[in-house]
S.K.: 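Structure below; questions to follow.
Here is how names work: the chains are called A, B, and so on, in the same order as the sequence lines, proteins then strands, and each is numbered from 1.
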Amino acid sequence: MIHPTPRLRFAPSPTGPLHLGGARTAMYNWAAARAMGGTFLLRIEDTDQARSTDASLQVILTGLRWLGIDWDEGPAFEGCGGGDYGPYFQMQRLPRYRAAADRLLAGGHAYPCYCTPEEIDVGRKELEAQKAGFYGYNGRCRNLTAEQRAAFERAGRRPNLRFRMPVARVLQVHDLVRGEVEVNTKELDDWVMLRPDGVPLYNFACVVDDIGMQITHVVRGEEHFLNGVKQHLLFEAFGAERPAFAHIPLILNKDGKKLSKRDADTNMLDYRDKGYPPEAVFNYIALLGWSFSGDRDLFTRQEMVEVFRIEGIGKSGAKFDEEKLRWMCGEYVRRWTPAECLERARPWLATVPAEAFTQHRAWLQNVIACYQERIALLGEFQDRIGWLLADPVADEAAQKNLAKDPASRQWLAAYADLLAAGNLPPSYPADRAGADEAVPLPSKKDAPEPVCAFDTPSRIEAATRAFTEQLGVKFGSFVHPVRAALTGTDKGPGLFDVVFLLGKDACVRRLRAAAAG
RNA sequence: GUCCCGGUCGUCUAGUCCGGCCCAGGACCCCAGAUUUUCAUUCUGGUAACACGGGUUCGAAUCCCGUCCGGGAUACCA
């Protein structure tokens, strides 16, 4: 037994941001570990020194935490990390690879290769010319004599270490997602394990660490399937028990192609910055290749952990659908309480004065509440609520509504007078004296109270309806120019929520301005 | 080229292992209607799929074969 409890890892290379595919792989590993009561760890595969950066590492760790994925072992970050199997950075484990390589060398499973990249290229071209159907390394150094090796050494060549692959051996590989797959080793060449400078390559470092960290299940993208076969042999050469493997299909872009790291839209932190709710992104990504059940799309991380099984992951690739993600974001935003929503949206509300969050919190909460069902991303509040903070410029639709009926000028002026005389709460930033605590918005219009006062939206509505009757104007035609005058547009919350929120001074000022044309 | 995997509504999928409950269910999108002071939300209804061709079987989305299409792999990247 590798370990009495399951141990799964996500092993990103810090050569780019965390993208959707990586996030999903991490999530599946995480969910499987949590579902089985095991351990989830993060191992940083930073052996590509040319491309690895600390910035990428930070982006990856930040992205994972943002999604709500935590790790028991790995780099220390926001309360995650630590563990007894470290270090968790491969560049800090170099001596282990050297020692492991020496064991393989001694056992005849590996050999030094003195070929230069150019020579390898030539060999590959020859195979190609022969139409061999396979273009890997030709095995030139596979059976070098001691003298030949010495000659290369004298010539100053420093060898790579290659793994000696069995010739034409048929392997049965079991995969938790794909089932039983047969692979012939003639499809694989003698691959490089260790560079002359002692820095290992992916397959080698991966297996040494999976053994060292007692990994029990390997869940990763299907681009690693053939690597899995190479690794299969390596575990065997080390005399180590093999973990269970699961190779999951890739996430495809709109064109059905592999989602690329270079695609800016796939950077996890871009989603964060645009105000996508992380639990929605988590929920959505989980569904790309896995399903909670036949008839349910919305679930929490905890609920996923309760039912997740690696075997439940699908075999076919999934295209990323921005529209469904967006819908899901809206679902989450609508579920929050206004207070929670305001707190979450705060980073995107740069134009809202800081004191509003303390002095006029109830008012702000009502503002947010009125837009919760109208937006999907937190970043969308800002533009929508601009009319509340400064007198708006009427857009095209508003101008049209203002110009529709020439008589509307008089209604607007009269309505301004009506509001001016009533007890409508004052406009922000004046203190609204608890009006907003008393009246949660958006208000229901089921029960308009027949009282002609202006301290709640329903009373404003009642008063306004009475007013239009008196004026002899159809309620419907009255409402549109008023909305246009007040908000500068033709969309938004119920008109009397608008009036209530805007308050007396601003309402009167805007109505009179519109009346004056 | 060669090897591996896949192919159910436009998209994500349930069903496929253990053929009949599936003239295929859910969700997004789209369309229509209801509610309504706009937008949105909500509710109701609708359009829409088993890639194709052969088998096996009383019966196939489900099993077998072939074709086509898609994806992945084939590095001194991971």
Side-chain angles (χ1 to χ4, degrees), chain A residues 11-16 45-48 50-52 113 115-117 120-121 124 127-128 131-137 160-162 173 175 177-179 181-184 186-189 191-197 199 201-203 205-206 220-227 229 247 249-250 252 254 256-258 261 284 287-298 314-328 330 334 370-375 384 397 401 442 445 461 464-465 474-480 482-484 487 489-496 498:
Chain A
S13 70
T15 53
E45 309 212 328
D46 52 358
T47 56
D48 185 344
R51 295 193 300 143
S52 292
C113 168
C115 293
T116 62
I120 291 167
D121 204 42
R124 187 171 293 127
L127 285 174
E128 231 166 301
K131 298 229 189 307
F134 171 74
Y135 314 138
Y137 173 62
N160 284 312
L161 242 42
R162 284 186 188 270
V173 182
D175 190 282
V177 168
R178 296 193 175 195
V181 183
E182 226 173 59
V183 182
N184 193 314
K186 73 181 179 194
E187 304 298 331
L188 274 6
D189 62 357
W191 46 278
V192 175
M193 303 177 346
L194 206 62
R195 297 182 177 100
D197 60 4
V199 177
L201 268 80
Y202 170 67
N203 282 298
C206 182
R220 81 241 290 197
E222 73 176 10
E223 73 267 29
H224 288 296
F225 183 81
L226 218 50
N227 287 326
V229 178
H247 290 92
L250 275 16
L252 280 8
K254 260 207 184 80
K257 303 288 183 213
K258 180 178 175 178
K261 270 184 191 176
Y284 178 72
L287 249 18
L288 258 20
W290 178 80
S291 76
F292 183 86
S293 71
D295 57 5
R296 191 168 152 199
D297 282 335
L298 267 18
K315 288 193 185 71
S316 53
K319 286 182 190 166
F320 178 70
D321 180 7
E322 175 68 37
E323 288 202 276
K324 186 157 183 177
L325 204 211
R326 209 191 136 71
W327 162 78
M328 203 169 268
R334 264 171 256 137
C370 281
Y371 280 94
Q372 254 179 286
E373 65 191 30
R374 283 166 237 268
I375 60 111
R384 304 293 185 91
N401 283 341
K445 39 191 169 295
E461 174 167 2
T464 304
R465 282 185 186 274
K474 253 179 66 190
F475 184 70
S477 24
F478 175 81
V479 142
H480 298 294
V482 172
R483 169 183 297 282
T487 69
T489 184
D490 66 338
K491 306 170 180 24
L495 184 62
F496 306 106
V498 164

S.K.: Nearest-Å distance, NE2 (His480(A)) to P (U38(B))?
M.R.: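 The answer, rounded to whole Å, is 6 Å.
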S.K.: Would you classify Leu495(A) as touching base, sugar-phosphate or nothing, given that sugar-phosphate means primed atoms plus P, OP1 and OP2, and contacts are heavy atoms under 4.0 Å?
M.R.: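 Here Leu495(A) touches the bases of the nucleic acid.
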S.K.: What's the CZ-C1' distance between Phe292(A) and A14(B), to the nearest Å?
M.R.: 14 Å
S.K.: For Phe225(A) and A73(B), say yes or no: do the ring centres fall under 5.5 Å of each other while the ring planes differ by less than 30°?
M.R.: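 The base of A73(B) is not stacked with Phe225(A) (the test needs centres under 5.5 Å and planes under 30°).
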S.K.: Taking the C1' atom of each, how far is C30(B) from U36(B), in whole Å?
M.R.: 23 Å
S.K.: Just how far, in rounded Å, is P of U74(B) from CG of Leu127(A)?
M.R.: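 Roughly 16 Å, once rounded to whole Å.
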S.K.: For Pro117(A) and Ser293(A), take the nucleotide of RNA chain B holding the closest heavy atom to each; which residue's nucleotide lies nearer the 5' end?
M.R.: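 Upstream on the strand: Ser293(A).
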S.K.: Quote, to the nearest angstrom, the P distance that separates C3(B) from C21(B).
M.R.: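 It comes out at 39 Å once rounded to the nearest Å.
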S.K.: Which of the following nucleotides, G72(B), U42(B), C4(B), is nearest to the side chain of Arg178(A)?
M.R.: C4(B)
S.K.: Can you tell me, in whole Å, how much space there is between the P of A61(B) and that of C17(B)?
M.R.: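 Their P atoms lie roughly 12 Å apart.
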S.K.: Is there a donor and acceptor pair closer than 3.5 Å between the side chain of Asp48(A) and the base of C77(B)?
M.R.: no
S.K.: Look at the side chain of Arg374(A) against the base of C39(B) and say whether a donor-acceptor pair falls under 3.5 Å; ignore hydrogens and angles.
M.R.: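 Flag set: donor-acceptor pair detected.
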S.K.: Would you indicate whether the side-chain heavy atoms of Thr47(A) and Tyr202(A) approach each other to under 4.5 Å?
M.R.: no
S.K.: Could you work out which one of U11(B), C76(B), C5(B) sits closest to the side chain of Lys319(A)?
M.R.: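 In terms of side-chain proximity for Lys319(A), the closest of U11(B), C76(B), C5(B) is U11(B).
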S.K.: Can you tell me if the side-chain N/O atoms of Arg124(A) get under 4.0 Å from OP1 or OP2 in A75(B)?
M.R.: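 The answer is yes; a side-chain N or O of Arg124(A) sits under 4.0 Å from OP1 or OP2.
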S.K.: In whole angstrom, give the distance that lies between atom NZ of Lys491(A) and atom C1' of U41(B).
M.R.: 16 Å
S.K.: What interatomic distance, in whole Å, is found between C1' of A40(B) and the corresponding atom of G53(B)?
M.R.: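 50 Å, rounded to whole Å.
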S.K.: Check the phosphate of A14(B) against Ser291(A), side-chain N and O only, distance under 4.0 Å to OP1 or OP2. Yes or no?
M.R.: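 It does, given that an N or O in the side chain of Ser291(A) lies less than 4.0 Å from OP1 or OP2 of A14(B).
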S.K.: So, is Arg334(A) near the phosphate of A40(B), with a side-chain N or O under 4.0 Å from OP1 or OP2?
M.R.: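 It does not, given that no N or O in the side chain of Arg334(A) lies less than 4.0 Å from OP1 or OP2 of A40(B).
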S.K.: Roughly, in whole Å, what's the span from CH2 in Trp290(A) to P in A14(B)?
M.R.: 11 Å
S.K.: Using the C1' atom in both, what is the distance from U2(B) to U8(B), to the nearest Å?
M.R.: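 One C1' to the other, the span is 31 Å.
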S.K.: Whole-Å distance between C28(B) P and Asp321(A) CG?
M.R.: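 Taking atom P of C28(B) as the reference, CG of Asp321(A) is at 11 Å.
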S.K.: Rounding to a whole Å, what distance do you find between Arg195(A):CZ and A78(B):P?
M.R.: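 Rounded to whole Å, this separation is 6 Å.
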S.K.: Which nucleotide in the list C12(B), A75(B), U37(B) gets nearest to the side chain of Lys324(A)?
M.R.: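 Of C12(B), A75(B), U37(B), C12(B) is nearest to the side chain of Lys324(A).
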S.K.: Determine the Euclidean distance between corresponding C1' atoms of G6(B) and C58(B); express it in Å to zero decimal places.
M.R.: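 Straight-line distance between the two C1' atoms is 32 Å.
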S.K.: Check this for me: does any side-chain nitrogen of one of Arg124(A) and Glu128(A) sit under 4.0 Å from a carboxylate oxygen of the other?
M.R.: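 No, this pair does not count.
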S.K.: Say you pick atom P in G33(B) and the same atom in C50(B); how far apart are they, in whole Å?
M.R.: 29 Å
S.K.: Quantified in whole Å, what is the C1' atom distance between nucleotide A24(B) and nucleotide U62(B)?
M.R.: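 Result for the C1' pair: 11 Å, nearest Å.
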S.K.: Distance check: side-chain N/O of Thr487(A) vs OP1/OP2 of U38(B), anything under 4.0 Å?
M.R.: no
S.K.: Side chain of Phe475(A) only, heavy atoms from C-beta on: which candidate in G6(B), U37(B), G72(B) is closest?
M.R.: U37(B)
S.K.: For Asp189(A) and U74(B), what is the distance between atoms CG and P respectively, to the nearest whole Å?
M.R.: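 To the nearest whole Å, that distance equals 10 Å.
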